[in-house]
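Presented below is the structure to which this report refers.
Nothing fancy with the numbering, it's 1 onward along the sequence. Any value given below was found using the heavy atoms of this structure, including those in side chains, with hydrogens, waters and symmetry copies removed.
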Amino acid sequence: MVILPAMLVISKLLFFFFHISYAFDTITQFKSLPDDGSTLVSKDGTFELGFFNPGSSSNRYVGIWYKNVQVRTVVWVANRDNPIKDDSSKLIVSKEGNLVLLSQNQTLLWSTNSSTEASSPRVQLLDTGNLVLRDEKDNNNETSFLWQSFDHPCDTVLPGMKIGWDLKTGLDRRLTAWKNWDDPSSGNFTAGMVLGSNPGMVIWKGSAEYYRTGPVNGPLGVFGLKENPFYNNIYVVNEDEVYYSYTLKNSSVISIIVLNQTLNLRQRLILLPETGTWKVYQSLPQDSCDIYNTCGPNGNCITAETPICQCLEGFDPKSREQWNAMDWTVGCVRRNSWRCGVKNKDGFRRLSRMKLPDIPNSWVNKSMVLEDCKAKCLENCSCTAYASIDTSGAGIGCSIWFGDLIDLRVSEGGQDLYVRMAVSDMGEVGNAENKHGRQRKVVLGVTITFSFVLVMLLAFSYIYITNTKNTEETDKIMPTEDNDKCGQEDFELPLFDLATIVNATNNFSTESKLGEGGFGPVYKGTLLDGQDIAVKRLSRCSGQGLTEFMNEVILCAKLQHRNLVKVLGCCVEGEEKMLLYEYMPNKSLDSFLFDSDQSKLLDWSKRFNILNAIARGLLYLHQDSRLRIIHRDLKASNILLDNDMNPKISDFGMARLFGGDQIEGNTRRIAGTFGYMAPEYAIDGFFSIKSDVFSFGVLVLEILSGKKNRALAFQDNDYNLIGLAWRLWKEGFPEQLIDKCLGDSCIISEALRCIQIGLLCLQHHPDDRPNMTSVVMMLSGENALPQPKEPAFLIRKVSIEGEHSSSVNEVTVSLLKPR
């Protein structure tokens, strides 16, 4: 009776001792680490190795993570492409001296595969996060490893880890992103160092180059790097190794680099000690110009220009049609060819602050000075550019390029690039040896000045005449208070008598009323032939409704598109003015989107279809209709849904009509809905097709999140939904914006792409926003998208009646920058 309890105590102590032993950092031969919660912990307690499930996945993996970080951050996975399907696996050191992962039935799932057999193998998790296999007999040599996890990185770079080549062994250490948040298996988003005459870091999507740093060429390493308070970048290029690494300046700082396939970014993360969460410190690519070869061969990408792609001086677009359509992939070609070998028939134009061209067709001499580099380029008829490869100021080192110049951009941190061109394209620079050059310049300057003055006079005359004509045309087309007709002859709309409408709506009964806007109420009706209609009735006391009503009559008579609400006719009789629309049984988008129960009926496929359809309808208004229309009041309540939940844009009372190539205007009367208005319109009354694009961007975020832009509870300095989206985007967690009710129906990659498109539409400066042609292409395509610039956040400082504003004086608006 006494023996049994004693044995139980002893067995529990043995069990406890057995498990506590695995809180150590080492596994020796014939010992195992079972999948029962046991882990290895580095001596300083920073890193932990064990079995885990990623996210909501049922698959099991062996990984290394930060032990004391609030949200588990896995930095390395052993069996990433061969998951464990049960919980009875274990890690052991085999008799051959390798660390192996065995399944329940002793199937080999993963191994270190060291080619060197150890007499006394030992596996240890170091304080750096490096898992190493060493021989006990080499214990005195702390850097003598038979195998190490740092040589086989996954998606994360830790301090001290090398990404690049060991040229002695041929080992290429590359990063490979997780497929998604819940799947650590190898994705198609990779990064590594490329060899060649000008080695540098490159990111690939599949086999296609997606981003490159540029060549290693100075004390800071590569193009665009700047000093920072957290870490030191290390680039090593010699006969034995070509690699990138980094060290931390402060041991209390925790920083990692992660390759993020979901966002197509390489992110530098810094751990915030006060919150225990990660913050994105840097993302690559940083902007549209960072995307590989954005502007095609001989095209120069300049983020401050509109459009961002410009041909190099002396070059013209290879296809003017494609270039004007903002398809820059074909690039640019030389305007004139140089005459190689003929004195003074070719020269070089210096371009400042340039990222040096891609490296495949280049030649390097590390000891040559810049003047000799120029002479070397002139000797070779295929040489198209040259530059110094040393940015330290010594002027030593030469690189010359052959053929087209690929992946050019302008940015701080760039250097001088000398591009070869014909003397006829050089201007004064190419004619420096011509004794008449200075005289020609003076004559040319006088001629240009005179021509400029003449052109300006003609331009002012043209603008005056055009404005006068437009005013006259507007006066003709925009009705006055006395205009009480919308006859078929004038506006091409069928005319209904009042008795028909009264009968259809049961004398405008309360039961027939669908809603009310600033113009007046809307009723459901049924015509004698059984057709359901919606009747917009102009309120007699509406101060703004008459003009809007007549405006809508004029526009709707001329607009026909599957994603615009169809106008069936109008009625003007006495003081009654009404428009008849096709009836939309599912009412407006906001009635579904912002209702906790109804929103569940909008799965991802429906929401994505709605986004695409609205974009196509807006594109029709801006470009494809007989007239150019700016809607000015695009919002969720003005998107109506038919029986099949197909969206149709409605309410053209605020819309403005333009002719020809006019795409913008100005007004002293701000009419629209707060929360959807672009900043330049809300503040200055300036509207354009890009102000509609801004409103579309708000709609995109609302459709994705199920939240109103203006109804969001303010917290963490998120002034509205735009502020929340931008913060999550910058911190690298945009998926948190997605409506939780979408669940498994959501295709994360599509949703994240839509968030990025929405933010591109919301950029503060109108010129930075895409047009609707580009938006439709981005929604339907899979090409890389540019990185958005920060939006401006509009919030009201005073409360007002209702949502609409008829005058900018009724409201005070502030522009707020994100944190």
Side-chain contact test, heavy atoms from C-beta onward, threshold under 4.5 Å: evaluate it for I649 versus N563 and give yes or no. no
So, the side chain of H631 versus the backbone of S650: is there a donor-acceptor pair under 3.5 Å, distance only? yes
Using a strict cut-off of less than 4.0 Å between a Lys/Arg side-chain nitrogen and an Asp/Glu carboxylate oxygen, indicate whether K635 and E702 qualify as a salt bridge. no
Write down the atom of I639, the atom of P647, and the distance for their closest heavy-atom approach. CG2-CB, 3.6 Å
Any side-chain heavy atom of F47 sitting closer than 4.5 Å to one from L158? yes
Is there side-chain contact between P285 and Y210, with heavy atoms separated by less than 4.5 Å? yes
Kindly give the heavy-atom pair with the smallest separation between R562 and K648, and that separation in Å. O-CE, 3.3 Å
Using a 6.0 Å distance limit plus a 45 degree cone around the ring axis, check whether K524 lies over the aromatic ring of Y583. yes
S774 side chain to P770 main-chain N or O, any donor-acceptor pair under 3.5 Å? no
Are any of the side-chain nitrogens in R632 or D692 under 4.0 Å away from the carboxylate oxygens of its partner? no
Is there side-chain contact between I257 and Y246, with at least one heavy-atom pair below 4.5 Å? yes
When you take the SG atom of each Cys, C301 and C295, is the space between them under 2.5 Å? no
Begin from the C-alpha positions of D183 and W178 and carry the test side-chain contact (heavy atoms from CB on, under 4.5 Å) through to its verdict. CA-CA 6 Å; D183 186 357; W178 288 28; over 6 Å; no
Could you please spell out the steps behind the side-chain contact (heavy atoms from CB on, under 4.5 Å) verdict for V258 and L269? CA-CA 8 Å; V258 177; L269 305 180; 4.0 Å; yes
Side-chain donor/acceptor of N180 to backbone N/O of T262, under 3.5 Å: no
Evaluate the ring planes of W76 and W110, with Trp represented by its six-membered ring, and classify them as parallel (under 30°), tilted (30 to 60°) or perpendicular (over 60°). perpendicular
Would you check if the side chain of S149 reaches a backbone N or O of L131 as a donor-acceptor pair within less than 3.5 Å? yes
Side chain R753, main chain G781, donor-acceptor under 3.5 Å: yes
Strictly by modelled atom types, are Y211 and Q286 linked by a side-chain donor-acceptor pair under 3.5 Å? no
Does any pair with a residue in residues 64-75 pass side chain to side chain donor-acceptor pair (under 3.5 Å), and if so which ones, sequence neighbours excluded? E48-W65, T73-W278
Interatomic distance, CZ@R60 vs CG@N79, rounded to 0.5 Å, equals 10.5 Å
Take Y581 and L640, measure what side-chain contact (heavy atoms from CB on, under 4.5 Å) needs, and give me the verdict at the end. CA-CA 11 Å; Y581 293 90; L640 304 184; over 6 Å; no
Has S591 got a side-chain atom pairing as donor or acceptor with K587's backbone, closer than 3.5 angstrom? no
Evaluate whether atom NZ of K566 has more than 12 neighbouring non-hydrogen atoms of other residues, nucleotides or ligands under 6.0 angstrom away. no
Can any side-chain N or O of D35 pair as donor or acceptor with the backbone N or O of F51 at less than 3.5 Å? no
Is it the case that the side chains of R266 and N260 hold a donor-acceptor pair, with the cut-off being a distance below 3.5 Å and no angle test? no
Test side-chain contact (heavy atoms from CB on, under 4.5 Å) applied to K730 and W726, step by step: CA-CA 6 Å; K730 294 298 290 182; W726 179 248; 3.5 Å; yes
Which atom names give the shortest non-hydrogen contact between D155 and A177, and what distance separates them? CB-CA, 3.9 Å
Given 3.5 Å as the limit, does a donor-acceptor pair link the side chain of T213 with the main chain of M201, or not? yes
Side chain D644, main chain N646, donor-acceptor under 3.5 Å: no
Is any side-chain heavy atom of N638 closer than 4.5 Å to a side-chain heavy atom of S588? no
Counting only heavy atoms not in M645, do more than 12 sit closer than 6.0 Å to its CE atom? yes
Given the rule in the side chain to side chain donor-acceptor pair (under 3.5 Å) test, do N188 and K205 qualify, once you have shown the distances and angles that lead to the verdict? CA-CA 6 Å; N188 68 347; K205 286 182 70 176; over 6 Å; no
Between A191 and L259 the two heavy atoms that sit nearest each other are N-CD2, 3.8 Å
Side chain to side chain donor-acceptor pair (under 3.5 Å) partners of residues 737-752, not counting sequence neighbours, each pair once: W604-E750, R607-D739
Check whether the side chains of Q763 and D768 place a donor and an acceptor atom closer than 3.5 Å, and report yes or no. no
Mark yes or no: R268 above the aromatic ring of Y231, with NZ or CZ under 6.0 Å from the six-membered ring centre and no more than 45 degrees from the axis. yes
Is it true that the side chains of S56 and D182 contain a donor and an acceptor less than 3.5 Å apart? yes
Using a 4.5 Å cut-off on heavy atoms from C-beta on, say whether the side chain of M778 contacts that of L760. yes
Would you kindly say whether N771 and H622 are connected by a side-chain donor-acceptor distance under 3.5 Å? no
Nearest heavy-atom pair of L514 and A534: which atoms, and what distance? CD1-CB, 4.4 Å
Hey, are Q787 and S288 close enough side-chain-wise for a donor-acceptor pair under 3.5 Å? no
Less than 4.0 angstrom from a charged side-chain N to a carboxylate O is my criterion; do E680 and R769 meet it? yes
Quick check: does any side chain N or O of N293 sit under 3.5 Å from a backbone N or O of T329, one acting as donor and the other as acceptor? no
Side chain proximity check, Y676 to D633, heavy atoms < 4.5 angstrom: no
Note: P153 and M161 closest approach over all heavy atoms is CB-SD, 3.9 Å
Salt bridge present between D595 and K600 (N-O < 4.0 angstrom): no
Within-4.5 Å side-chain heavy-atom neighbours: I703 and I614: yes
Approximate separation, where rounding is to 0.5 Å, of R80 CZ and S186 OG: 4.0 Å
